[in-house]
Amino acid sequence: MTITDKIKKLKKERKAVILAHNYQIPEVQEVADFTGDSLGLSMEAAATEAEVIVFCGVYFMAETAKILSPQKKVIMPDKDSGCPMADMITAKQLIELKNKHPKAKVLAYVNTSAEVKAETDLCCTSANSVKIAQEAFRQDEEVIFVPDKFLAHFTAVQCNRSFIVWPGYCPTHAEIMPESIQRKKEVYPQAEIIVHPECRPEVIALADQVLSTSGMVEFAKKTKAKELIVGTEPGMIYRLKKEASEKKFYPASEEASCPNMKKNTLEKVLWALEDLSFEVIIEDSIINRAQKSIRKMLEITKQPARQQ
Ligand code: 13P
Ligand code: SF4
């Protein structure tokens with residue numbers, strides 16, 4: 001029996017579902033029941049009837065699944081796959097910032113710990129930050145945006161407003177420089193440029209589209225362009241090629257790999273199902289408070305857009 005066959009057999013026995021982020025290695029994506037971006041994965045985690053969620057991504061994503069489905073067992077194949085950006089702010093630091101701005105509301109990117117989410121009014125992902133900011137806050141309202149200064153900048157420009165910003169960023173996306181996009185564009189002048197909003201503003205300024213990872217998949221399927229330069233983690237190329245095989249995709253930077261996203265392997269997925277570990281455990285009081293900010297995000301995301 002192959003490892004994949006063993007995983008499929010055990011998955012049925014355990015009544016488990018495997019969720020994988022778009023940056024996971026191809027073998028892990030192939031064995032998953034659902035592959036998506038942070039928003040899609042959180043929706044899937046909220047809706048699943050499985051008893052066990054095997055989360056192949058990074059820690060904050062598995063925590064989000066647990067917060068939305070506290071009665072389920074959520075396990076991670078590699079307990080050390082964290083997100084350095086999520087680690088750039090602690091709950092204590094957020095509380096201090098809130099004390100400095102007592103009237104401000106808090107909007108947190110989902111790339112944060114459960115403890116930070118518990119101190120937050122509302123969450124957003126890269127797919128919905130603009131909609132959430134527009135629908136949930138008045139233009140003149142004070143809003144703290146944590147932890148990604150680049151997503152905050154992109155969202156603020158799109159909404160024509162300002163935020164109180166925490167200086168966090170994604171070290172992987174920060175490696176993508178405008179020069180590398182320009183070099184690719186010289187080689188492939190017909191290519192459209194799509195980038196993730198975690199990129200630097202100078203990179204975003206060169207883009208035709210700024211999209212979440214699943215937004216990139218949808219755009220790649222419908223665009224008339226035959227070639228795309230992709231400004232995000234290069235693991236994304238596998239998913240894009242699979243979903244839009246007639247197009248050509250060029251990573252803006254091959255070096256901008258997220259080491260944490262690559263820690264999961266097929267063997268670790270199998271071991272996780274065998275031992276039902278590593279389990280994500282979060283205190284009930286944190287779950288209850290953090291859940292409000294994620295559920296509110298999901299509600300607003302499903303609502304039709306308000307006329308501006
Ligand atoms: P997406 O939600 O767009 O998949 O992004 C998550 C992430 O961590 C990108 O670095
Ligand atoms: Fe975190 Fe960046 Fe890796 Fe995404 S790519 S999980 S934001 S470090």
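All ligand and atom numbering here is 1-based and tracks the order in the structure.
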task = Measure Asn111 to ligand 1 on non-hydrogen atoms and call it side chain, backbone, both or neither using the 4.0 Å cut-off.
result = side chain
ask   = Which atoms of ligand 2 have any heavy atom of Asn111 under 4.0 Å away?
value = 7 (S)
request  = To the nearest 0.5 Å, tell me how far Ile75 CD1 sits from Asp275 CG.
outcome  = 8.5 Å
query = Going by heavy atoms, is Glu233 under 4.0 Å from ligand 1?
reply = no
query = Should the heavy atoms of other residues, nucleotides or ligands under 6.0 Å from OH of Tyr169 be counted, would the total exceed 12?
reply = no
query = Which ligand 2 atoms does Glu198 reach within 4.0 Å, using its non-hydrogen atoms?
reply = 2 (Fe), 7 (S)
query = Does atom CD of Glu246 have more than 12 heavy-atom neighbours, drawn from other residues, nucleotides or ligands, at distances under 6.0 Å?
reply = yes
ask   = For ligand 1, does Thr125 get within less than 4.0 Å through its side chain, its backbone, both, or neither, judged by non-hydrogen atoms?
value = neither
ask   = Under 4.0 Å from any heavy atom of Tyr23, which atoms of ligand 1 are there?
value = 9 (C), 10 (O)
key: Enclosure of Lys247 NZ (heavy-atom neighbours >12, cutoff 6.0 Å)   = yes
inquiry  = Heavy-atom pairs closer than 4.0 Å: do any link ligand 1 to the side chain of Ser38, the backbone, both, or neither?
reply    = both
request  = Please say whether more than 12 non-hydrogen atoms of neighbouring residues, nucleotides or ligands are located less than 6.0 Å from NZ in Lys242.
outcome  = yes
Crowding at CD, Gln190 (>12 non-hydrogen neighbours, <6.0 Å) = no
Intermediate values then yes/no, side-chain contact (heavy atoms from CB on, under 4.5 Å), Val54 and Val17 = CA-CA 6 Å; Val54 183; Val17 67; over 6 Å; no
task = Quick one: look up the protein heavy atom nearest atom 3 (O) of ligand 1 and list residue, atom name and how far away it is.
result = Ser126 OG, 2.6 Å
message = Could you enumerate the protein N, O or S atoms under 2.8 Å from atom 3 (Fe) of ligand 2, written like residue then atom name?
response = Cys258 SG
inquiry  = Show me which atoms of ligand 1 lie under 4.0 Å from any heavy atom of Ser212.
reply    = 3 (O)
ask   = Are the side chains of Glu119 and Val106 in touch, meaning some heavy atoms are under 4.5 Å apart?
value = no
ask   = Is atom CG of Asp80 surrounded by more than 12 heavy atoms (other residues, nucleotides or ligands) closer than 6.0 Å?
value = yes
inquiry  = The criterion is ring-ring contact (aromatic ring centres under 6.0 Å, His included); which residues satisfy it with Tyr250, sequence neighbours excluded?
reply    = Tyr188
message = Under 4.0 Å from a heavy atom of His196: which atoms of ligand 1 are those, numbered in the order shown and with their elements?
response = 1 (P), 3 (O), 5 (O), 9 (C)
key: His21 and ligand 1 - part of the residue with a heavy-atom distance under 4.0 Å   = side chain
inquiry  = Return the OG to NZ distance between Ser81 and Lys262, rounded to the nearest 0.5 Å.
reply    = 12.0 Å
ask   = Which residue holds the protein heavy atom closest to atom 10 (O) of ligand 1, what is that atom called, and what is the gap in Å?
value = Glu198 OE1, 2.9 Å
task = Could you tell me which atoms of ligand 1, counted from 1 in the order shown, lie closer than 4.0 angstrom to a heavy atom of His173?
result = 10 (O)
inquiry  = Tell me the contacting part of Met85 for ligand 1: side chain, backbone, both, or neither, using a 4.0 Å heavy-atom threshold, strictly below.
reply    = neither
inquiry  = With a 6.0 Å cut-off (strictly less than), is the heavy-atom count around NZ of Lys221, excluding the residue itself, greater than 12?
reply    = yes
ask   = Would one find more than 12 heavy atoms of other residues, nucleotides or ligands at under 6.0 Å from atom NZ of Lys98?
value = yes
